[in-house]
Amino acid sequence: MELVNIFIKSAFIENLALSYFLGMCSYLAVSKTVKTAFGLGLAVIFVLGITMPINWLINTVLLSENGIFGTDLTFLRFILFIAVIASMVQLVEMVVEKYSPALYNSLGIFLPLITVNCAILGGSLFMVSKEYNFTESVAFGLGGGFGWFLAIVAIAAIREKIKYSNVPPALRGLGMAFLLTGLMGMAFMGLMGIDPAAF
Amino acid sequence: MADTAVVEKKRTISFGKKERKLLTDPINDDNPITVQVLGICSALAVTTGMKNALVMAIAVIFVCIFSNAITSMFRKSIPKQVRMIVQLIIIASLVTIVELVLKAYAFESYKQLSVFIGLIITNCIVMGRLEAFAMANRPYESALDGLGNGIGYGIILIIVAFFREFFGKGEIYGAKIIGASAEYAINTTESTLFGWYQSNNLMVLFPSAMFVIAILIWAHRAWNPKLVDVS
């Protein structure tokens, strides 16, 4: 039950994209059509689900004071985390290229950019600061990825519709995407329970 | 290839028109946030106050300059297949330096920025400029490009932070400017002309950053119509 709780919490209440605004660059750039958004979302779920437990192992076994080296090596955290993420993304890139060339072509430059998708590294850093154990970190990774997937597919669907609306020229495209994301973020804040200090 | 190498050697380090363009382009026509859509996450997260925005801007400018320069020095010896990992390790080392320096000399900001210092690594501006510029240019130009993009990013960060801090807390750089009169009666003895403003806490929450940047993009594109998205 605890794990289901963490999954639901990380997917909806603490949505990485709409509550913490992580991974915004690819979120805004790849959300023009639902199809590419869907592909990128799936890739993010996969990469988050894999890197989170690996980074958990690295953090507890290698870097912590009780690990095999016996000293506090947490200052190496950034470098090791990002190396794990970069190699996992390289792996995903090769798999997608082999099995779905169409998806590979439509994702274009944004597949390697999953490496610099802050949602992935941010997820790992949150996992450390929330002190999850191994299974919890798996649930957190999958839940966070699922939440990000939902958010990007939702905004892509809205942007596909809004193409037919009469938006002021200077606001077209990027500006509108920002406004929509802000509104979606407010909607998701309802799930969090708005901070009483806001009134 | 050999020809360009010779030409490259002849060019001396100077600050002419081309170099100035490297610096000013990212501030207006090629702004990292409003035009290239890079580095949004940190722009949203750290702009609740101008102090944090300033610290973040300085950190990003530092990382941008040095990662661009270092990558550019090694650009001919980095194998293409593993270039991402090499670039990320360069960036991660620089960010670790920034983190340790902040921890030692600006502990308050370090605590408030928390995860987002680590997230400079995945700030797409740094990575994007390495891919787009530093891998193909000399260290000197790359450093200038890094400086320009860092400044372009920092300016937007500080503008957004100004609006959010002013309307969200009634403060500018931590100093109270406007506020509700009841609040003034408690905190200060002096009366003020601006005692009527009840600060709007929504401005401190995340969605407002989206709205402020959207309005900035709107204004920027209305003022500079060649940036308008035609698609």
Side-chain angles (χ1 to χ4, degrees), chain A residues 18-29 32 75-83 85-87 89-90 109 112-113 115-122 124-126 129 163 168-189 194-195 197-199, chain B residues 34-35 37-45 81-82 84-85 87-89 91-93 95-96 99-100 114-119 121-128 131 200-202 204-225 227-231:
Chain A
L18 294 173
S19 300
Y20 292 114
F21 289 109
L22 291 177
M24 271 299 135
C25 313
S26 32
Y27 175 89
L28 289 167
K32 279 184 184 133
F75 64 91
L76 288 174
R77 193 183 282 151
F78 291 158
I79 298 180
L80 284 180
F81 278 13
I82 203 69
I85 292 169
S87 32
V89 169
Q90 207 101 55
I109 186 176
L113 279 185
T115 316
V116 284
N117 187 327
C118 347
I120 315 279
L121 183 65
S124 286
L125 294 176
F126 274 125
S129 68
K163 249 190 262 168
L171 199 56
R172 251 170 231 164
L174 189 58
M176 208 57 211
F178 270 93
L179 281 182
L180 289 174
T181 315
L183 291 172
M184 284 170 73
M186 285 176 82
F188 263 72
M189 262 166 49
I194 296 177
D195 186 1
F199 291 100
Chain B
T34 60
V35 182
V37 209
L38 298 174
I40 307 292
C41 331
S42 52
L44 296 162
Q81 293 83 359
V82 294
M84 303 256 309
I85 298 178
Q87 290 165 356
L88 280 171
I89 286 176
I91 301 171
S93 329
V95 171
T96 310
E99 193 210 7
L100 294 176
S114 69
V115 184
F116 291 97
I117 299 174
L119 289 180
I121 300 174
T122 53
N123 193 320
C124 337
I125 294 177
V126 184
M127 193 75 188
E131 275 287 291
N200 180 357
N201 273 14
L202 180 66
V204 188
L205 298 173
F206 279 128
S208 70
M210 278 291 179
F211 299 139
V212 173
I213 295 181
I215 292 166
L216 265 182
I217 291 175
W218 192 358
H220 189 198
R221 291 189 179 184
W223 171 62
N224 195 346
L227 298 175
V228 171
D229 204 341
V230 280
S231 62

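Listed by chain and residue number, Asn55(A) satisfy the side chain to side chain donor-acceptor pair (under 3.5 Å) test with Ser124(A) (two or more places apart in sequence, or in another chain).
Between chain B and the residues Leu22(A), Leu180(A), Ile82(A), the most heavy-atom pairs under 4.5 angstrom are made by Ile82(A). Chain A forms more heavy-atom pairs under 4.5 Å with one residue of Val204(B), Thr96(B), Val35(B) than with any other, namely Thr96(B). Here Ile121(B) is the residue among Leu216(B), Ile121(B), Ile89(B) with the most heavy-atom pairs under 4.5 Å with chain A.
Closest non-hydrogen pair, Pro207(B) versus Gly185(A), comes out as CG-C, 4.1 Å. The minimum heavy-atom distance linking Leu121(A) with Gly118(B) is given by the pair CD2-O, 3.7 Å. Across all their heavy atoms, Ala214(B) and Gly175(A) have their closest contact at CB-O, 3.7 Å.
Atoms CE and CE, from Met210(B) and Met186(A) in turn, are 13.0 Å apart once rounded to the nearest 0.5 Å. Annotation: the span from Leu88(B) atom CG to Ile85(A) atom CD1 amounts to 9.0 Å, rounded to 0.5 Å. One distance of note links CZ of Phe206(B) with OG1 of Thr181(A); it measures 13.5 Å at 0.5 Å rounding. A distance of 9.0 Å separates CD1 of Ile215(B) from CG of Leu171(A), quoted to the nearest 0.5 Å. Separating the CZ atom in Phe178(A) from the CD1 atom in Ile217(B) is a distance of 4.0 Å, to the nearest 0.5 Å. Atom CD1 in Ile213(B) sits 10.0 Å away from atom CE in Met24(A) (nearest 0.5 Å).
Both the backbone and the side chain of Leu183(A) come within contact range of chain B, each with at least one heavy atom under 4.5 Å from a heavy atom of that chain. For a residue to count as touching a neighbouring chain, one of its non-hydrogen atoms must lie under 4.5 Å from one of that chain's; by this rule Ile79(A) touches chain B with backbone and side chain alike. Residue Ser129(A): no heavy atom, backbone or side chain, is found under 4.5 Å from chain B. Heavy atoms closer than 4.5 Å to chain B are found nowhere in Tyr27(A), neither backbone nor side chain.
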Yes or no on side chain to side chain contact (heavy atoms under 4.5 Å, CB included) for Ile91(B) and Phe78(A), after CA distance, side-chain angles and deciding distance? CA-CA 10 Å; Ile91(B) 301 171; Phe78(A) 291 158; over 6 Å; no
